[in-house]
Amino acid sequence: MQEEKSFVYTMILGICMLLCLMMIGRMLLGHPEQSALPETENPTTPEQEETGMELRESDLCSLIEQALPVPVQEVTAKIGADQTISVVVLVSKQSLQDSGLVPGGLRTALLYLPDTCRLYGAWTASVTEGKLVLQCQSAEIGSITVPAEMVSTLTDQLSASLNAYFTDAEITPETVIWQDGVLRLNE
């Protein structure tokens, strides 16, 4: 019984060594990787290239964090090909109360929320006269619908922050192309 196990283990070890030697040989022969080969398909001329920029989810999270009038614990953004931007922000209840951003009726509701509140919002974006325009589709704190005046304030601040970012980057967007995880703004 012990001799059978020893033979099986020896065979497995031999196969592993053979595979390792094959991999080392392949590396030594220097086969080029496919991605290192020069691309020869569809060469573009400078006139054909579109100028603009890509706004990724991580970039959007940074901009949102800077635009919000309250300190945040965490920001998550999702750019969807369905032409929506979804944002989840975790913020302390005390920061919301101290900000003056929360109107009276919602201020009472905040008392019943946990110490860390989840803010959720979904927007669509379009370009009008070289500026990104956001339209809020829904907004909630916890499971409470956010009042229109607060949504308007947040949307205006977020739009202003994004458009200031584009101005600093010397980008005047004319069109928006939606992809999962990326918002492409073309001039």
Side-chain angles (χ1 to χ4, degrees), residues 31-92 95-96 99 101-102 113 116-187:
H31 290 286
E33 293 182 22
Q34 295 295 341
S35 62
L37 296 176
E39 187 177 308
T40 57
E41 292 182 17
N42 298 329
T44 58
T45 61
E47 294 81 26
Q48 292 174 327
E49 293 180 9
E50 292 183 0
T51 59
M53 73 180 307
E54 287 185 349
L55 186 64
R56 299 192 176 280
E57 292 170 345
S58 58
D59 301 328
L60 188 58
C61 288
S62 297
L63 290 170
I64 290 169
E65 192 169 346
Q66 293 171 9
L68 290 176
V70 294
V72 299
Q73 297 172 357
E74 184 179 330
V75 178
T76 306
K78 172 81 173 122
I79 298 172
D82 64 347
Q83 299 184 357
T84 60
I85 299 171
S86 302
V87 178
V88 176
V89 177
L90 296 180
V91 64
S92 75
S95 294
L96 279 175
S99 72
L101 181 66
V102 181
L113 292 176
T116 300
C117 299
R118 178 184 173 273
L119 301 172
Y120 169 80
W123 288 267
T124 59
S126 60
V127 176
T128 304
E129 297 177 7
K131 300 284 184 191
L132 191 67
V133 179
L134 298 175
Q135 280 297 122
C136 185
Q137 302 302 306
S138 66
E140 298 176 351
I141 296 178
S143 59
I144 302 168
T145 301
V146 176
E149 62 190 71
M150 186 175 169
V151 169
S152 177
T153 302
L154 287 173
T155 300
D156 291 346
Q157 287 178 343
L158 186 55
S159 294
S161 179
L162 288 169
N163 285 314
Y165 177 74
F166 301 141
T167 300
D168 290 345
E170 297 179 358
I171 299 292
T172 305
E174 295 297 323
T175 60
V176 178
I177 298 172
W178 295 85
Q179 299 170 337
D180 281 331
V182 178
L183 189 64
R184 173 98 181 134
L185 300 160
N186 292 327
E187 290 188 285

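Counting from 1, the numbers follow the sequence of the chain as shown.
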Trainee: Report yes or no: does Thr153 contribute a side-chain atom to a donor-acceptor pair with the main-chain N or O of Glu149 at less than 3.5 Å?
Mentor: yes
Trainee: Answer yes or no: is there a donor N or O on one side and an acceptor on the other, between the side chain of Glu187 and the main chain of Thr172, under 3.5 Å?
Mentor: yes
Trainee: Answer yes or no: does atom CD of Gln135 have more than 12 heavy-atom neighbours from other residues, nucleotides or ligands under 6.0 Å?
Mentor: no
Trainee: Over all heavy atoms of both residues, which pair between Ala81 and Trp178 is shortest? Give the atoms and the distance, please.
Mentor: O-CB, 4.0 Å
Trainee: Minimum heavy-atom separation for Val70 to Ser95, with atom names?
Mentor: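 Closest heavy-atom pair between Val70 and Ser95: CG1-O, 3.7 Å.
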Trainee: Show, in sequence, the C-alpha distance, side-chain angles and deciding distance for Ile85 and Gln137, and conclude whether the side-chain contact (heavy atoms from CB on, under 4.5 Å) test is met.
Mentor: CA-CA 10 Å; Ile85 299 171; Gln137 302 302 306; over 6 Å; no
Trainee: Please report the interatomic distance CG(Leu63) to CG(Leu158), rounded to the nearest 0.5 Å.
Mentor: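 Going from the CG atom of Leu63 to the CG atom of Leu158 covers 8.0 Å.
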Trainee: Any donor-acceptor pair under 3.5 Å linking the side chain of Thr84 with the backbone of Gly80?
Mentor: no
Trainee: Are the side chain of Ser161 and the backbone of Gln157 linked by a donor-acceptor contact shorter than 3.5 Å?
Mentor: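 No, because the side chain of Ser161 does not come within donor-acceptor range (under 3.5 Å) of the backbone of Gln157.
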Trainee: Looking only at heavy atoms, what is the nearest atom pair of Leu55 and Ile79, with distance?
Mentor: O-CD1, 3.4 Å
Trainee: When rounded to the nearest 0.5 angstrom, what is the spacing between CG in Leu183 and CZ in Arg56?
Mentor: 11.0 Å
Trainee: Considering all heavy atoms of both residues, which atom of Ala122 and which atom of Tyr120 are nearest to each other, and what is their separation?
Mentor: CB-OH, 3.6 Å
Trainee: Under the side-chain contact (heavy atoms from CB on, under 4.5 Å) criterion, do Tyr165 and Asp168 qualify, and how do the steps go?
Mentor: CA-CA 5 Å; Tyr165 177 74; Asp168 290 345; 5.8 Å; no
Trainee: Taking all atoms of both residues into account, what is the closest heavy-atom pair of Glu57 and Lys78, and its distance?
Mentor: OE2-CA, 3.4 Å
Trainee: Rounded to the nearest 0.5 Å, what's the gap from CD on Gln83 to CD on Gln179? Could you check?
Mentor: 12.0 Å
Trainee: Let me confirm one number: the CG-CG distance from Asp82 to Asp180, rounded to the nearest 0.5 Å.
Mentor: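 The distance works out to 7.5 Å.
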Trainee: Verify side-chain contact (heavy atoms from CB on, under 4.5 Å) between Leu60 and Leu162, making sure each step is shown before the conclusion.
Mentor: CA-CA 8 Å; Leu60 188 58; Leu162 288 169; 3.9 Å; yes
Trainee: Of all heavy-atom pairs between Leu113 and Gly142, which one has the smallest distance, and what is that distance?
Mentor: CD2-CA, 4.4 Å
Trainee: Is any side-chain heavy atom of Lys131 closer than 4.5 Å to one of Thr167?
Mentor: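 Counting from C-beta outward, Thr167 and Lys131 do come under 4.5 Å.
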Trainee: How long is the straight-line distance from CD of Glu74 back to CG of Leu90, given to the nearest 0.5 Å?
Mentor: 5.0 Å
Trainee: Please assess Leu132 against Val127 for the test side-chain contact (heavy atoms from CB on, under 4.5 Å), listing each intermediate value before the final yes or no.
Mentor: CA-CA 5 Å; Leu132 191 67; Val127 176; 4.2 Å; yes
Trainee: State the CE-CD distance between Met53 and Glu170, to the nearest 0.5 angstrom.
Mentor: 11.5 Å
